[in-house]
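For this chain, numbers begin at 1 and follow the sequence in order. Nothing here was measured: the structure is a model prediction, and the numbers come from that model. Computation of the quantities below employed the complete heavy-atom set of this structure, encompassing side-chain atoms and omitting hydrogens, waters and symmetry-equivalent molecules.
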Amino acid sequence: MEAFQAALLSDGVGLFPADTVYGLAADAESARGVERLYELKGRPPVKPAAVMFFDPDAVLDLARDLGPRTREALARLLPGPVTLIVPNPERRYPLACGPVPERLGIRVPGLPEPLAALLAIRRPILQSSANPSGGPDPRRLADVDPEIRAGVDAELDGGELPGTASTVVDLVRYEQAGEFEVLREGAVAAEELAELL
């Protein structure tokens, strides 16, 4: 765990288990770290990525920029296997936003007990699944592309994961209109989201 944290603090890229699939992580405010993560994946740098907070309390500062209805939605859905697209009026974490800085994807995984040590990482992390862009999502460390594993600075083994990526939900219009859109169905079914929202 110390090597993983040290890598993120020194413009590095880490490989880690989330509550869904294995992911790549870089400090969300490290231009070099984010550049390396995108290079490892073969992902175009204009494509947005999510900012992950391991500790649910660490997302509270960001949530202050949101309206009460959206904050309540975050409280109902996080932590969990969802990525939420929310308004970003302060244009925070521009390295994660791609060409639309007024929108930000956020993720707070529900970590099982063996991964609870990740809660000590309070920095915002730019994260993406640990696969070549467009490739299958890895559910075991051994499933991660060998070139990606060779290119990271530290890795954590969390055993076998569920293997279904997070559900991506657009909440940008939720505050004013109560509208949401499932952009990618994944670990949480659209019907379940509709009940929660």
query: Are Phe180 and Ile85 linked, directly or through other ILVMFWY residues, by side chains that come within less than 4.5 angstrom of each other?
result: no
Start with the C-alpha distance between Val21 and Asp143, add both sets of side-chain angles, then the distance that settles side-chain contact (heavy atoms from CB on, under 4.5 Å), and finish with yes or no.
CA-CA 10 Å; Val21 299; Asp143 297 335; over 6 Å; no
(request) Could you tell me whether the side chain of Leu126 reaches within less than 4.5 Å of the side chain of Asp27, counting heavy atoms only? (result) no
Does any part of the side chain of Val172, heavy atoms only, come nearer than 4.5 Å to the side chain of Val86, both counted from C-beta? no
query = Where the side chain of Asp153 meets the backbone of Val13, is there a donor-acceptor pair that is under 3.5 Å apart?
reply = yes
Could you tell me if the side chain of Ile106 sits less than 4.5 Å from the side chain of Leu74, heavy atoms only? yes
CD of Glu72 to CG of Leu77, rounded to nearest 0.5 Å, is 11.5 Å
How about Asp11 and Arg36: do any of their side-chain heavy atoms sit closer than 4.5 Å?
no
Residue set satisfying ring-ring contact (aromatic ring centres under 6.0 Å, His included) with Phe53, at least two apart, ordered chain then number -> none
The salt bridge (charged side-chain N to carboxylate O under 4.0 Å, His left out) partners of Asp19 (sequence neighbours excluded) come to Arg107
Interatomic distance, OG1@Thr70 vs CD@Glu175, rounded to 0.5 Å, equals 4.0 Å
Report yes if the side chains of Phe16 and Tyr22 come closer than 4.5 Å at any heavy-atom pair, otherwise no. no
Margin query: Less than 4.5 Å apart, side chain to side chain, heavy atoms only: is that true for Thr167 and Arg184?
Written below: no
| Is it the case that Ser166 and Thr83 place a side-chain donor and acceptor less than 3.5 Å from each other? | yes
Determine whether Leu104 and Val51 satisfy the following criterion, side-chain contact (heavy atoms from CB on, under 4.5 Å), listing intermediate values before the conclusion. CA-CA 8 Å; Leu104 178 68; Val51 172; 3.9 Å; yes
Quiz item: Should Val168 and Val182 count as side-chain neighbours, where that means a heavy-atom distance under 4.5 Å?
Solution: no
(message) Any carboxylate oxygen within less than 4.0 angstrom of a Lys/Arg side-chain nitrogen, looking at Arg103 and Asp170?
(response) yes
Open item on the list: Any salt bridge linking Glu181 with Arg173? Criterion: basic side-chain nitrogen under 4.0 Å from a carboxylate oxygen.
Closed with: no
Output for pair (Asn88 CG, Cys97 SG), nearest 0.5 Å, gives 5.0 Å
CG of Leu141 to CG of Leu15, rounded to nearest 0.5 Å, is 5.5 Å
With a 3.5 Å distance limit and no angle check, can you tell me whether Tyr38 reaches the backbone of Lys47 through a side-chain donor-acceptor pair? yes
So the ring-ring contact (aromatic ring centres under 6.0 Å, His included) pairs with at least one residue in residues 123-156 (sequence neighbours excluded) are none
* **Heavy-atom side-chain proximity of Leu197 to Tyr174 below 4.5 angstrom** => yes
One should read off an interatomic distance between Gln5 CD and Met1 CE, to the nearest 0.5 angstrom, of 6.5 Å
In short, Leu37 meets Ser128 closest at the heavy-atom pair CD2-CB, 4.1 Å
